[in-house]
Amino acid sequence: MENPDISNNTMVLVENLDVVFGNKHIVHDVSFSVEEGEIIGMFGISGAGKTTIIRVLTCQIEKKNWNGNVLVTGLSPSKRGNHSKILSNIGYVPQLELLNLYFELDPIVNVEIFTSTYGMDKKKAIITAEKLFNILDIPKDTWKKRVKRMSGGEKKRLSMAIGLIHHPKVLFLDEPTTGVDASKRYDILSYLKKLNQQLNTTMFIITHDLEAALICDKSAILREGKLLEFDTPQNLINSLPSRGLVARISIENLNQEIIKTIQKYPSIEKVLRVGNETIEVLMEDFEDNLPKLMKFLFENELKVYSMSRDVANFRRYFQIRIQEEEEKENRKNRSELMNEGDSP
Amino acid sequence: MLPDPIDCVVVSYDSNTFIEENNFTESNRDDYNLKYVEAVNSSKLLNLVQFFNATEEIYAMETARSYMVSKRIKIIIAIPVDFSELIIWGYPGLIDCITDSSDIQKIQVNINAVYDSIKIFVSQNNLTPQFELNGFEEFTIPENYSSGYNNTIVLVLSFMIIGVGMVSTILIIVQEKPIARLLLTPVKRMEILLAKYITYISILIVQNISLVMTALSFGLYLVGTVFDLFLALFILGFAGLAIGIFISTLSKTKTQANQLFFATFLVLILLSGIFIPIEAMPIYLQAIAYVLPLSHGSPLITGIITKGKSVFGFDFFSLLGVSVVLVVLSFILFQRRKYEV
């Protein structure tokens, strides 16, 4: 059933999604929407429910296991009759290339296999493939070689090309930078951005890699099946005290006692240990409070090596947000235990 | 315990009339052929399926032979023209015995059963035990062909075609990782499995053509048609494919598929009836053996090669039935198989 409330540009709509397997409540009341051409990053530690949400969106989970209003390219995966259309409208790039590629065949044959499943014309498919291969810088001399002879990065890019071969409206990518060495991770992300800009494909990335937020228009943070945040990475960072301004301070013999001492300073919002002897401090009225904080440190006879100021990145925001949630949960658990202790 | 009686027919050429040589009068003294039939009926080793009086039924032997081709009987006992006269005049009696030689192991068993009937005949009629049993082997390989090759090729073709079919397919589902990803395209599960069947059937056809051509070029004595042999090998190979794909859809891992293959192949061989006669197995094993494809493969191919039988018989339809059941089961299992990417 078409939803009249959503715009024509809404590619994915999720409202009050709950996923339950037996006694396990995997996803709790998740809602968000994705507009055409956006890149969405879904971040969370293992078990957060990222993959489960993607599986609902890609028709892999039966309706009996989930509740809520879900539309993918305007169609609901709750109806089996819609599955074929939804799967025609979406592309999928799995985490492992071996799930997406026949290693014993060459890239062109791989393309032909997947395009045949969409009923595409073979010649047109080859033209599209060549275009994608060129955007993704897959060397021409590898097009007719077996996939197993390609490098890890080339396989990754070929896998992306196959995900996009049928011009999907939404491309789902599962951990696109996992297993790629650090130097290539940024290449992969920049290729995704390039594809998004050139083809205007909506992209939905699920990842542990917080660097992926660099190319995301919106980021979703999940923890234990709950959607904590869904906004642009910049808005999320701006929501931090002093719009994410941090003081990075290195202190001699940094230990838990010293951190507790620093936390006593009145304007301090957050103290994060980011290295052996380095902390990052977030506080209200950063500009006013920073000199006062330094004075406080000297008064407490703490030997400061260095101090610099910076703006928090998405990684830091994620760390703070998850930590907040954990603290909230710990407080809740403690109060529950205390209540149980008080009760006769 | 006595073995099951062997099905046979008696074709009598003994003339109905007897001309007395002294006075040329005609009398009905040719009754020893009927007495012999009574002896056959009394034998616990033989089961008389039909008695033909060839002096009245001119196509008696052709009919009896067709029974043998269709495996209804194993022995044709022919009573010669002057059977009664020879016995009356005190000459040794003559019996012709035509046994199915397509199963080499059973030729002697068949002859022994006929000897048993002669023993009973002699004893019941107080005759001198002077009888000659002329054995003829039906469906033997002509001298200019190698009977060793012909007999071996039946086993080789049966094992090879079913084995290759199984080996080539046991891993096609369990090992192919991109199937999970293919299921995230509009393609249906049924279409994926159907495509596998079509591909492997095409390979099987090419394989069968080359096997038949090779077997013939090496000097196979073939009474039946090449098409029948091809179809027999095809249905046997198809049963192999069906078992292989069934194992592949049933298994969760490659190791499990390999182990299931070895276990299944061992059972197929042991209960094929090639090494241990199916009749000698306990009833419950016989029931299993008759369901398994290899127990039908060897008689089917032998029937075509040595007897010229048509492929479309009990064995063919048994193989077809088993294969269809396995194909249906593999589709059900594949439909229920859990895939996640």
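Naming: A, B, ... by sequence-line order, numbering from 1 per chain. Bear in mind the structure is a predicted one, so any value in this text is a computation, not a measurement.
Around the CZ atom of B:Phe227, the shell of radius 6.0 Å holds no more than 12 heavy atoms that belong to other residues, nucleotides or ligands. B:Gln256 CD: more than 12 foreign heavy atoms inside a 6.0 Å radius. The local environment of NZ in B:Lys254 is sparse, with at most 12 non-hydrogen atoms from other residues, nucleotides or ligands closer than 6.0 Å.
Side-chain contact between A:Thr117 and B:Leu182: present, with at least one pair of heavy atoms (C-beta onward) separated by less than 4.5 Å. Side-chain contact between B:Tyr339 and A:Gln60 is absent, with no heavy-atom pair separated by less than 4.5 Å.
Here the closest heavy-atom approach between residue B:Arg181 and residue A:Gly163 is recorded as NH2-CA, 3.9 Å.
With a threshold of 4.5 angstrom between heavy atoms, A:Leu101 approaches chain B through N, CA, C or O but not through any side-chain atom.
Among the residues in residues 183-193 of chain B, those with a non-hydrogen atom closer than 4.5 angstrom to a non-hydrogen atom of chain A are B:Leu183, B:Leu184, B:Thr185, B:Pro186, B:Val187, B:Lys188.
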